[in-house]
Novice: 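Got a structure for you, written out below as structure tokens; questions coming shortly.
Counting starts at 1 for both ligands and their atoms, in listed order. The first residue in the sequence is number 1, and the count goes up from there.
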Amino acid sequence: MEKKLLVAAALLMTSCAFISAQAPMKPEMSEFYEPVPPTVTPGTELKGGGFTAPSDAIVLFDGKDLSAWENSQGGPAEWKVKGGVMTVDKSKGDIRTKEKFESFQLHIEWRVPENIQGSSQSRGNSGVFLQGMYEIQILDNYNNKTYVNGQAGSVYKQTTPLANAMRKPGEWNVYDIIYTAPVFKEDGTYRIPPRVTVIQNGVVLQNNTTILGTTEYIGFPKVVKHGAGPIILQSHGDPSEPISFRNIWIRKM
Ligand code: MG
């Protein structure tokens, strides 16, 4: 017993000595200076509202032309460009970026006409396809009900947005989309599924949401192995007046 007490006392003395031997903590012990994040100059304010692209972004549409885009056959993109705005031409189908992307931050502004008609999915329907595979819904949901996992900002037919942050028809809506590309296993299933954050007009609609697979109109998500892919903008077949886009840029991550 006495021996055990002696050992315990010796241990206690040793640990006290160890603690007092350590240097006292200082603020700079938990601060580091490398690597320095790159400097990105934010965009400047535009006359018609919004901001130009940050300095390290790839500009996909700055109001001038569709040179960054092609149609789904690889031919020229033929949507209308006028007054700094591109407008869907339903007779020409979807358009996609010529460049393919992995993970990114995408900024895109969209507007449905003030006099838009139609209801549910037939009212200002378009969409942004991430890596050409996964649709973030674009729809006029200002006083327009539809299935909630198909409303604006949904991962189409998968995940309902956290809010309805629509501006009125005729006003510009802004999507900021942060997307993390999936990692696949050898067998073609996800090792790490794709994830997406969607902010509309400053309101979070998707918060690092797991994408389950392709966004099917009929049926359930499919897991399909893919690599880098384009941004596709949807030309939807509904009879409502076509939607317009402006100020589109992307930052690779
Ligand atoms: Mg759509």
Novice: Roughly how far apart are Thr214 OG1 and Gln158 CD, rounded to 0.5 Å?
Specialist: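 It is 7.5 Å, given to the nearest 0.5 Å.
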Novice: Using the ring centroid of each side chain, check whether Phe51 and His107 are separated by less than 6.0 Å.
Specialist: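 No, the ring of Phe51 stays outside the 6.0 Å limit from the ring of His107, centre to centre.
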Novice: What's the atom name of the N, O or S in Glu135 nearest to the Mg ion (ligand 1)?
Specialist: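 Nearest N/O/S atom of Glu135: OE2.
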Novice: Working to the nearest 0.5 angstrom, can you tell me the gap between Leu205 CG and Ile177 CD1?
Specialist: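 These two atoms lie 9.5 Å from each other.
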Novice: To the nearest 10°, what's the angle at the Mg ion (ligand 1) between atoms OE1 (Gln137) and OE1 (Gln234)?
Specialist: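 With the Mg ion (ligand 1) as the vertex, the angle is close to 150°.
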Novice: Rounded to the nearest 0.5 Å, how far apart are CD1 of Ile95 and CG of Leu66?
Specialist: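 It is 5.5 Å, given to the nearest 0.5 Å.
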Novice: Is Tyr156 close enough that one of its N/O/S atoms sits under 2.8 Å from the Mg ion (ligand 1)?
Specialist: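 No, since none of the N, O or S atoms of Tyr156 sits under 2.8 Å from the Mg ion (ligand 1).
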Novice: Report whether any nitrogen, oxygen or sulfur of Ser126 sits less than 2.8 Å from the Mg ion (ligand 1) (N, O or S, backbone or side chain).
Specialist: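 Here the distance criterion (N, O or S atom, under 2.8 Å) is met by Ser126, so yes.
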